[in-house]
Amino acid sequence: MTFTHRDAGTPERVWTDELERRGAVPVLSLDGIRRVVIVAAHPDDETLGAGGLLAEAAVRGVSADVVLATSGEASHPHSPTHTPARLAALREEESRRAAAALHPDARIHVVGAPDGDLAEHVDSLAAALSGLALGPGDLVIAPWEGDRHPDHATAGETARRAAREAGARILQYPVWLWHWGRPDDVPWERAASLPLSASAREAKARALLVHETQVRPLSDAVGDEVLLHAGFLEHFERPVELFLDPPQGESTDAAHFDRMLAADPDPWGFETRWYEKRKRALTLASLPDERYRRALEIGCSTGVLSRELAGRAEELLGIDISSRALELARARNADLPHARFERRTVPGEWPDGRFDLVLISEVGYYLDDADLRATAGLLDGALTAEGVVVACHWRHPTAGRSHPGDEVHAVLRRSSGLEVLASHVEEDFLLDVLVRPGRRSVARETGVLG
């Protein structure tokens, strides 16, 4: 994350003004729902994002399950008074009490994955959801995958897959979006609203106060400060809760990019924007080896980065699904005979042989769930013994993309069998260097360290 709870954040008035300007957002109906399953990345997410829905479900006699993916033990990492184990116990109990205040019959399920590292323990959450025997008639409510918190992205992605495989409906609730975001960051076309009755609002307000470890300081000591300040909590005092329908996750086809490039040969500003020039420089600087024998660039687009990669490789293969992009890439690199460009899709048309370097930049979120996982699974087998994968993706939510960048990297890390050698995180993009286990640092590889 590049924001913290200490930031002032976006004033709630910005959001209320936007809601007033937009008028009616389609209303979520609970008719025909037999059960709601609320997934929380951390204890209190369920109350913040869907506490009103939980209260409304109770009034309508709809049963409820609440799944806590982690126990929130990392909320105060520098606390001098509370150990992680004590925080975990307190936060689990707070969620139990808050859920009881909202829906007395709600069942609580604690997965116990490490707070802040859910992506590495996603199987535990998936197993917990599988144990609930999801099916038609269930409404699954999970954190929004674009919330810019890796645990939220993982919880949302895992719940989405579980729900769709079981034929259940899935919606996602933002938490941190209201803090870091602005109205343009919301995919309003996929929004649904749940107006809350006076009794549901009162129940939610009481339940929020139950999360004492978050809404009050643990003590007066440094490191025990309040986590959720009044300005943040104001976002969750609205008379309505908002949910987002996640995209279906279909891979983007070639025609989409061909149309873009027909209208503008540089629609992303690769050649003109300082942002893109700087990101290319950082990508090249992240490469742990000075030279590569054989490099693969997945999603080479118009070949701007390809030209610079070719300066570090004896052979470069750039692949893309857009015929127009490849025409531009070949023309741009016509004087480089060791750079080839081919029209291929991944994972279905994966190139033969092994590579010392595989670059996958700004392409993973155009793949659907199955294609992204399959692509990640091919990476290890595509590498030479000392080969590396460099991945770089935009982190902001964008229409037409199946996954936020953080989710793409979580899948690449989890499904490739590779480990992180280096990582660069900014508000705008995430860059990872992935290697086989045991690969040493640049200093050790080059003899700077013994």
Side-chain angles (χ1 to χ4, degrees), residues 1-19 40-51 70 72-80 82 84 87 91 94 115-119 143-156 172-188 191 204-205 208-209 211-238 241-242 244 275 393-398 404-407 409-410 423-431:
M1 293 183 295
T2 56
F3 58 89
T4 76
H5 64 279
R6 297 184 180 89
D7 298 337
T10 304
E12 172 60 13
R13 187 63 198 174
V14 171
W15 297 109
T16 55
D17 287 348
E18 180 67 13
L19 289 168
H42 314 95
D44 78 2
D45 289 337
E46 76 291 343
T47 306
L48 292 163
T70 80
E73 67 274 9
S75 67
H76 292 76
H78 305 297
S79 172
H82 287 61
L87 275 170
R91 296 197 68 187
E94 287 169 353
D115 184 1
D117 198 25
L118 181 58
W144 182 45
E145 294 169 56
D147 222 16
R148 290 199 194 166
H149 189 299
D151 284 350
H152 287 216
T154 300
Q172 297 180 340
Y173 57 87
V175 174
W176 288 104
L177 165 68
W178 310 123
H179 182 62
W180 59 256
R182 307 291 290 185
D184 287 348
D185 293 311
V186 180
W188 294 102
K204 182 174 181 177
L208 282 172
L209 294 177
H211 294 279
E212 295 183 9
T213 61
Q214 308 303 294
V215 301
R216 296 189 180 92
L218 297 179
S219 77
D220 293 333
V222 175
D224 279 353
E225 297 86 358
V226 65
L227 262 291
L228 306 181
H229 57 71
F232 178 86
L233 291 173
E234 193 176 2
H235 301 313
F236 305 96
E237 297 168 358
R238 300 173 191 156
E241 287 180 338
L242 287 172
L244 300 172
Y275 169 82
H393 290 83
W394 177 253
R395 303 183 72 203
H396 301 289
T398 305
D406 284 8
E407 179 188 335
H409 282 239
S423 185
H424 178 84
V425 183
E426 297 190 8
E427 177 183 357
D428 301 317
F429 68 91
L430 174 62
L431 189 153

TODO: On the 0 to 90° scale, with breaks at 30° and 60°, tag the H393-H409 ring pair as parallel, tilted or perpendicular.
DONE: perpendicular
Task: side-chain hydrogen bond (donor to acceptor under 3.5 Å, both in side chains) partners for E241, two or more places apart - done: K204
Task: side-chain hydrogen bond (donor to acceptor under 3.5 Å, both in side chains) against S219, all qualifying residues, sequence neighbours excluded - done: D224
In a table with atom names and distances, give each donor-acceptor pair under 3.5 Å that connects a side chain of residues 211-218 to protein atoms at least two apart or in another chain.
| from | atom 1 | to | atom 2 | distance (Å) |
| --- | --- | --- | --- | --- |
| H211 | NE2 | T47 | OG1 | 2.9 |
| T213 | OG1 | E94 | OE1 | 2.9 |
| T213 | OG1 | E94 | OE2 | 3.3 |

Open item on the list: Looking at E234 and E12, would you say the former's side chain and the latter's main chain have a donor-acceptor pair under 3.5 Å?
Closed with: no
Open item on the list: Taking side-chain hydrogen bond (donor to acceptor under 3.5 Å, both in side chains) as the definition, give me every residue that meets it alongside D17, ordered by chain and number, with sequence neighbours left out.
Closed with: R13
- [ ] Classify the ring geometry between W394 and Y275 as parallel (under 30°), tilted (30 to 60°) or perpendicular (over 60°).
- [x] perpendicular
- [ ] Look at the side chain of H152 and the backbone N and O of D147, then say whether any donor-acceptor pair between them is shorter than 3.5 Å.
- [x] no
Open item on the list: With a 3.5 Å distance limit and no angle check, can you tell me whether E407 reaches the backbone of G405 through a side-chain donor-acceptor pair?
Closed with: no
Open item on the list: Out of the candidates Y173, W15, W144, only one should pair with W178 under the ring pair (Phe, Tyr, Trp, His ring centres under 6.0 Å) rule; please name it.
Closed with: W15
Open item on the list: My understanding is that only residues two or more places apart in sequence, or in another chain, count here; which of them pass side-chain hydrogen bond (donor to acceptor under 3.5 Å, both in side chains) with H82?
Closed with: none
Open item on the list: Strictly distance-based, threshold 3.5 Å: is any side-chain N or O of R395 a donor or acceptor partner for the main-chain N or O of D406?
Closed with: no
Task: E225 side-chain N/O to G223 backbone N/O, donor-acceptor pair under 3.5 Å - done: yes
Task: Test side chain to side chain contact (heavy atoms under 4.5 Å, CB included) applied to H229 - qualifying residues, sequence neighbours left out - done: H179, F232
Task: Side-chain (H235) to main-chain (T10) donor-acceptor, under 3.5 angstrom - done: yes
